[in-house]
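So you know, we letter chains A, B, ... as the sequences are listed, proteins then strands, and number each from 1. Quick note: numbers below take in every heavy atom, side chains included, and nothing from hydrogens, waters or symmetry partners.
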Amino acid sequence: GENVEQHPSTLSVQEGDSAVIKCTYSDSASNYFPWYKQELGKRPQLIIDIRSNVGEKKDQRIAVTLNKTAKHFSLHITETQPEDSAVYFCAARNTGNQFYFGTGTSLTVIP
Amino acid sequence: GAVVSQHPSWVICKSGTSVKIECRSLDFQATTMFWYRQFPKQSLMLMATSNEGSKATYEQGVEKDKFLINHASLTLSTLTVTSAHPEDSSFYICSASGTGGRVYEQYFGPGTRLTVT
């Protein structure tokens with residue numbers, strides 16, 4: 001099956017700085033890559049996603065890049081704010097419509 | 001739109017009993033539903049994928065006789081934890097994906113916290 005790795009596991013940044021989280025996947029047929037933000041005890045919330053036919057997507061302060069050849073994708077958050085503090089998960093969807101999650105990154109934005 | 005509910009939100013049961021968790025898509029038809037398990041400070045682990053009217057596909061290492069999944073309709077899937085033990089205590093989250101424009105995304109339920117004493 002698909003194997004998704006995510007780095008770093010923890011990340012602390014000063015407010016206003018940028019944060020980058022990276023993921024790699026193993027199944028070259030995976031075709032959809034969402035990113036989720038999860039606050040403690042709550043459900044994951046989709047924050048941005050990218051399909052395999054696109055290399056980059058941006059939504060205000062959040063962007064995702066995808067390198068299909070290298071099988072890696074990254075989340076970029078610019079101008080970070082304290083409310084961005086949460087756990088972020090990447091995921092990859094395979095052709096069987098199954099989603100496999102990375103191990104998560106705990107982001108702390110220091111005011 | 002795309003709301004998924006789960007019931008109950010928290011359940012405490014005694015060791016050896018069975019617990020049923022419901023996952024409902026409230027405003028769309030969920031052709032596929034997923035069940036995840038999440039331990040504290042860990043990632044979501046896919047347990048099984050279920051398509052309406054079909055048997056669930058379980059991930060390697062997940063006991064299908066212990067975690068019974070039924071996807072009887074396009075809006076309801078259930079997970080039954082049979083003969084629960086303390087090690088089954090966890091946060092169980094379902095998600096659903098639909099058809100058309102919703103086939104790519106998955107929508108998560110709020111989760112069910114299971115505590116087995």
If you group Ile, Leu, Val, Met, Phe, Trp and Tyr by side-chain heavy-atom gaps below 4.5 Å, do A/Ile62 and A/Val54 land in one group?
-> yes
For residues A/Gln98 and B/Glu59, determine if any side-chain heavy atom of one lies less than 4.5 Å from a side-chain heavy atom of the other.
-> yes
Quick one: are A/Phe101 and B/Gln38 in side-chain contact, heavy atoms under 4.5 Å?
-> no
Is it true that atom NZ of A/Lys42 has more than 12 heavy atoms of other residues, nucleotides or ligands lying nearer than 6.0 Å?
-> no
Chain B heavy atoms under 4.5 Å from A/Gln38: which part of the residue, side chain, backbone, both or neither?
-> side chain
Assess whether atom NE2 of B/His7 is packed by more than 12 heavy atoms of other residues, nucleotides or ligands within 6.0 Å.
-> no
In terms of heavy-atom proximity below 4.5 Å to chain A, should B/Ile93 be classed as side chain, backbone, both, or neither?
-> side chain
Would A/Phe99 end up clustered with A/Ile21 when hydrophobic side chains under 4.5 Å apart are linked, directly or stepwise?
-> yes
Atom CD of A/Glu79 with >12 non-hydrogen neighbours under 6.0 angstrom | no
What are the two closest non-hydrogen atoms of A/Gly41 and B/Phe91, and how far apart are they?
-> O-CZ, 4.0 Å
Would a 4.5 Å heavy-atom cut-off, applied to side chains only, mark A/Tyr32 and B/Gln106 as touching?
-> no
Heavy-atom count around B/Glu87 CD within 6.0 Å, excluding the residue itself: above 12?
-> yes
Contact class of A/Pro44 relative to chain B, heavy atoms under 4.5 angstrom | both
Would you find a donor on one side and an acceptor on the other, under 3.5 Å apart, between the side chain of A/Arg43 and the backbone of B/Val4?
-> yes
Step by step, work out the side-chain contact (heavy atoms from CB on, under 4.5 Å) result for B/Leu46 and A/Tyr100.
-> CA-CA 7 Å; B/Leu46 179 65; A/Tyr100 295 91; 4.0 Å; yes
Using modelled atom types only, decide if a donor and an acceptor are shared between the side chain of B/Ser43 and the backbone of A/Gly104 within a distance under 3.5 Å.
-> no
